[in-house]
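Excluded from the calculations below are hydrogen atoms, water molecules and symmetry mates; all remaining heavy atoms, backbone and side chain alike, are included.
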Amino acid sequence: MDEVNITYITLTGYVEMNKLKYLYFTVILMVYILTFFSNGTIVYIICFHKNLHEPMYIFIAALLFNSFVYTTNVYPKLMIDFLSERQIINYSACIFQLFVFYSVACSEFFLLALMAFDRYVSICKPLRYPTIMRKPTVTSLLVLAWVVPSCYLTGEAILISELQLCRSDLDGIFCNNGIFALHCAKSRPLTIFGIVSLISLVMIPVLFTIFTYAKILITCYKSSKAFRRKAAETCVPHLLVLINFTYLSTYDVVIARVESDFPKSARFIMTMQLLVFQPLFNPFIYGLKMKEISKHLKKLLSLSKI
């Protein structure tokens with residue numbers, strides 16, 4: 001196809017906009033507010049209670065902070081689009097949205113891997129835990145969890161920005177890897193870069209997390225019933241978040257590659273699930289399943305009723 005000067009991308013994934021745009025807007029606004037307060041409340045509890053200043057809770061706070069960045073990157077633009085006649089986005093802004101979206105998603109896989117490692121050291125090597133999970137170590141791991149994905153995705157964003165567009169219609173409601181279908185020609189360096197990023201930022205952390213939890217399960221199987229119960233209290237929430245996030249991330253990668261004959265309404269519903277469910281899932285899981293957080297949360301709610 002001939003190269004054309006395209007500076008704006010049209011988002012064509014919306015369904016029944018004339019009839020339901022105000023409903024969509026209200027739902028996303030309410031979810032955004034609920035996400036802000038639910039994630040913010042748990043982060044507040046972790047920050048302001050010294051007994052929660054432990055690696056496990058610090059990683060949880062980082063994960064919930066990611067949820068806020070994730071929604072802020074997508075929700076405001078969604079709400080604007082719901083009330084607009086045309087759902088368009090500048091090409092540069094689209095690349096930036098894609099960069100933030102996947103940087104946060106990849107850092108979440110890193111954080112889940114760090115949580116698994118923290119639980120492994122705590123359960124399998126409890127005597128060495130204070131020397132391994134020291135404050136400088138935790139800080140360095142957190143920085144790496146955010147910086148490494150950002151560096152990878154910066155390189156990918158630069159490569160994407162250098163490619164010419166031959167199409168302007170993106171079959172989605174926000175900028176994801178479906179943008180690759182709009183380019184005039186496939187970029188071999190970008191394909192290689194994407195494969196390396198997928199292996200380094202997703203597959204390795206996920207395999208590491210699975211392997212680590214397998215080791216924890218083996219240790220728990222050989223231990224007492226009380227020990228298994230205590231391990232389950234801290235490991236089950238992490239596993240639930242990992243399973244949920246991996247499922248939704250797999251969907252996002254696959255759906256962007258599915259041909260246009262995939263039902264538009266089904267694609268829209270699944271994408272909305274990706275955007276709405278995940279940011280609300282984490283704070284409720286950790287708020288209800290983590291005993292210490294739940295205890296402080298109940299105290300905070302009881303004070304608010306006075």
Side-chain angles (χ1 to χ4, degrees), residues 34-70 104 107-146 205 208-209 212-213 215-217 219-220 223-245 278-306:
L34 186 57
T35 299
F36 179 84
F37 281 104
S38 59
N39 286 277
T41 300
I42 305 298
V43 172
Y44 168 82
I45 289 172
I46 293 172
C47 291
F48 286 90
H49 291 88
K50 291 185 178 180
N51 68 318
L52 299 181
H53 291 182
E54 298 177 6
M56 177 176 65
Y57 299 111
I58 292 172
F59 292 141
I60 290 174
L63 198 71
L64 299 184
F65 175 77
N66 270 11
S67 294
F68 178 70
V69 176
Y70 173 88
V104 171
S107 72
E108 192 144 338
F109 280 116
F110 271 71
L111 289 171
L112 291 170
L114 294 179
M115 289 178 178
F117 177 70
D118 174 74
R119 291 299 84 205
Y120 167 75
V121 177
S122 176
I123 294 169
C124 302
K125 301 180 184 295
L127 297 179
R128 296 181 58 190
Y129 185 83
T131 57
I132 295 176
M133 301 304 292
R134 295 179 299 116
K135 187 176 180 180
T137 303
V138 172
T139 303
S140 299
L141 291 173
L142 273 178
V143 171
L144 286 174
W146 280 316
F208 174 82
T209 304
T212 303
Y213 278 117
K215 296 283 286 184
I216 292 173
L217 289 173
T219 301
C220 291
S223 304
S224 65
K225 187 176 181 180
F227 183 86
R228 290 198 295 269
R229 187 185 302 111
K230 186 177 180 181
E233 286 178 0
T234 59
C235 291
V236 168
H238 302 325
L239 285 170
L240 290 174
V241 171
L242 174 66
I243 293 168
N244 175 67
F245 188 66
Q278 178 61 23
L280 292 176
F281 184 78
N282 292 357
F284 283 101
I285 284 294
Y286 289 120
L288 296 174
K289 292 292 184 180
M290 301 298 288
K291 188 175 180 181
E292 288 299 317
I293 295 177
S294 179
K295 182 173 65 177
H296 288 294
L297 184 60
K298 289 175 182 177
K299 287 182 180 179
L300 184 64
L301 292 175
S302 64
L303 288 175
S304 65
K305 293 178 181 179
I306 299 175

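The side-chain heavy atoms of Leu142 and Leu111, taken from C-beta on, include a pair separated by under 4.5 Å. Using a 4.5 Å cut-off on side-chain heavy atoms (C-beta onward), Ile58 and Met133 make no contact. Put simply, the side chain of Ile60 reaches to within 4.5 Å of the side chain of Ile293, judged on heavy atoms. Side chains of Met115 and Thr209 form no contact here, defined as non-hydrogen atoms less than 4.5 Å apart.
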Under 3.5 Å donor-acceptor pairs involving side-chain atoms of residues 61-70, not counting sequence neighbours:
{"unit_1": "Asn66", "atom_1": "OD1", "unit_2": "Trp146", "atom_2": "NE1", "d": "2.9"}
{"unit_1": "Asn66", "atom_1": "ND2", "unit_2": "Ser107", "atom_2": "OG", "d": "2.7"}
{"unit_1": "Tyr70", "atom_1": "OH", "unit_2": "Leu274", "atom_2": "O", "d": "3.0"}

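Here the straight-line distance linking atom OH of Tyr213 with atom CD1 of Ile123 works out to 8.0 Å at 0.5 Å rounding.
Of all the heavy atoms in Asp118 and Met56, the pair that sits closest is OD2-CB, 3.4 Å. When all heavy atoms of Leu280 and Ser38 are compared, the pair lying nearest together is CD2-OG, 4.4 Å. In terms of heavy-atom proximity, Arg128 sits nearest to Thr131 at O-OG1, 2.8 Å. Summarising the geometry of Asn39 relative to Pro283, their closest heavy-atom pair is OD1-CD, 3.6 Å, with the distance given to 0.1 Å.
Under the ring-ring contact (aromatic ring centres under 6.0 Å, His included) criterion, the residue pairs touching residues 107-142 are Phe109-Phe245, with sequence neighbours excluded.
Partners of Phe281 by side chain to side chain contact (heavy atoms under 4.5 Å, CB included), not counting sequence neighbours, listed by chain and number: Leu240, Val241, Asn244, Phe277, Ile285. With sequence neighbours excluded, no residue forms a ring-ring contact (aromatic ring centres under 6.0 Å, His included) with Phe37. Listed by chain and number, the residues in a ring-ring contact (aromatic ring centres under 6.0 Å, His included) with His53 amount to none (sequence neighbours excluded). Under the rule for a side chain to side chain contact (heavy atoms under 4.5 Å, CB included), the partners of Thr137 that lie at least two apart in sequence or sit in another chain are Arg134, Leu141.
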Does the pair Tyr57 and Asn51 meet the rule for a side-chain contact (heavy atoms from CB on, under 4.5 Å), with working shown? CA-CA 10 Å; Tyr57 299 111; Asn51 68 318; over 6 Å; no
